[in-house]
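Throughout, numbering of the chain's residues begins at 1 and tracks the sequence. None of these values were measured; they are calculated from a predicted model. Scope of the values below: all heavy atoms of this structure, side chains included, with no hydrogens, waters or symmetry mates.
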Amino acid sequence: DPAGVVVISPRSSGRLERLTVVEGDEVAAGTTVAYILSRDFLTAQGDYIQAVRRAVALHETPDADGARAVAEAARHRLVLLGAPESLATSLADGGAPQDLLPVTTVFTGSIVEAHARVGEAVEAGTPIYTLADLSVLDVIAAVPLRLQRRLRRYARPGRNPRLQQLRNTGRGGRRRP
């Protein structure tokens, strides 16, 4: 199913510092699969910290609304780069900036292909992994009728394979529905 396959890539350029999964691993939605050392990410964190400090300093002044808007825009930029909301909250509360930008998964699935290696320079959108939801899989196979009952028996509980009988077009030929 094409909707169940995505390419995992960073939202910012940088150097790939760490990979946390390998091909074949099953991952949950939101799992961090890689870390990027990104100048844009470091700059965005610094900008957000400054904007929050300015908003606090200008509280109850005529410039307070503008300072809050700048802080909110800086927070939004962090999130667009792929930073978790929890990091933005931590920075606003005086927490320390992170050196590495986490790259996370969008849904639960299996890593079916790795595209990058640690130490590589990556741009925003550079494929790191291909993630697929393998809970539903279409398989086309020629299975003798006497063995089709076994397919149903070995299917996962609650999931039955949909079997369609095909006509034989001749010995060694292709089968058609």
Side-chain angles (χ1 to χ4, degrees), residues 1-137 156 158-159:
D1 178 19
V5 178
V6 295
V7 173
I8 300 172
S9 60
R11 297 182 188 177
S12 178
S13 62
R15 188 176 69 225
L16 190 54
E17 290 291 316
R18 189 169 54 183
L19 298 171
T20 62
V21 297
V22 296
E23 285 182 26
D25 284 355
E26 291 185 19
V27 295
T31 300
T32 299
V33 295
Y35 290 94
I36 306 290
L37 179 61
S38 169
R39 182 179 301 144
D40 293 338
F41 177 59
L42 295 170
T43 301
Q45 290 179 93
D47 291 348
Y48 180 57
I49 291 168
Q50 274 188 326
V52 167
R53 287 180 183 158
R54 180 175 162 85
V56 168
L58 295 176
H59 183 67
E60 295 186 11
T61 68
D63 293 331
D65 289 340
R68 274 194 305 273
V70 170
E72 188 54 39
R75 179 185 187 99
H76 186 66
R77 178 177 172 218
L78 261 179
V79 173
L80 286 177
L81 287 174
E85 283 284 344
S86 59
L87 174 62
T89 302
S90 171
L91 293 174
D93 293 339
Q98 291 183 0
D99 293 332
L100 302 176
L101 173 64
V103 179
T104 59
T105 59
V106 293
F107 59 76
T108 298
S110 296
I111 302 295
V112 294
E113 189 174 2
H115 302 282
R117 294 192 176 137
V118 171
E120 284 185 21
V122 292
E123 297 294 323
T126 300
I128 297 176
Y129 292 110
T130 300
L131 175 70
D133 176 6
L134 300 179
S135 63
V136 176
L137 194 60
R156 287 186 179 173
R159 295 188 182 172

statement: Taking every heavy atom of Y129 against every heavy atom of V21, the minimum-distance pair comes out as OH-O, 2.6 Å
List the atom pairs, with distances to 0.1 Å, where a side-chain N or O of residues 93-104 and a protein N or O form a donor-acceptor pair under 3.5 Å, not counting sequence neighbours.
none

Residue pairs passing the salt bridge (Lys or Arg N to Asp or Glu O under 4.0 Å) test where at least one lies in residues 105-119, sequence neighbours excluded: none
- line: So CG of L87 and CZ of F41: to nearest 0.5 Å the spacing works out to 5.0 Å
message: Please enumerate all residues that pass side chain to side chain donor-acceptor pair (under 3.5 Å) together with S12, with sequence neighbours excluded.
response: S38
message: Just to verify, which of I111, V7, I36 counts as forming a side-chain contact (heavy atoms from CB on, under 4.5 Å) with I128?
response: I36
statement: Of all heavy-atom pairs linking E123 and P10, the shortest is O-CG, 3.7 Å
field: Sidechain-backbone polar pair: T126 side chain, S9 backbone, donor-acceptor under 3.5 Å
entry: no
- prompt: Counting distance only, does the side-chain N/O of E23 pair as donor-acceptor with the main-chain N or O of A114 below 3.5 Å?
  reply: yes
field: For V118 against E17, the heavy-atom pair lying closest together
entry: CG1-O, 3.4 Å
- prompt: When rounded to the nearest 0.5 angstrom, what is the spacing between CZ in R18 and CG in L37?
  reply: 12.0 Å
From CG (L78) to CD (Q45), nearest 0.5 Å: 6.0 Å
statement: A116 and L19 have their tightest heavy-atom pair at O-CD1, 3.6 Å
- prompt: Taking only residues two or more places apart in sequence, or in another chain, which ones meet H59 in a side chain to side chain donor-acceptor pair (under 3.5 Å)?
  reply: none
query: Taking the side chain from T20 and the backbone from V33, do they hold a donor-acceptor pair closer than 3.5 Å?
result: yes
- prompt: With side chains defined as the heavy atoms from C-beta onward, is the minimum distance between L16 and Y35 less than 4.5 Å?
  reply: no
Only pairs under 3.5 Å count here: list side-chain donor-acceptor contacts from residues 64-74, not counting sequence neighbours, and write none if there are none.
from	atom 1	to	atom 2	distance (Å)
D65	OD1	R68	NH2	2.2

message: With a 3.5 Å distance limit and no angle check, can you tell me whether T31 reaches the backbone of T105 through a side-chain donor-acceptor pair?
response: no
Salt bridge (Lys or Arg N to Asp or Glu O under 4.0 Å) partners of residues 32-57, not counting sequence neighbours, each pair once: D47-R77
field: Side chain S110, main chain A132, donor-acceptor under 3.5 Å
entry: no
statement: Rounded to the nearest 0.5 angstrom, the CD-CG distance for E26 and L131 is 10.5 Å
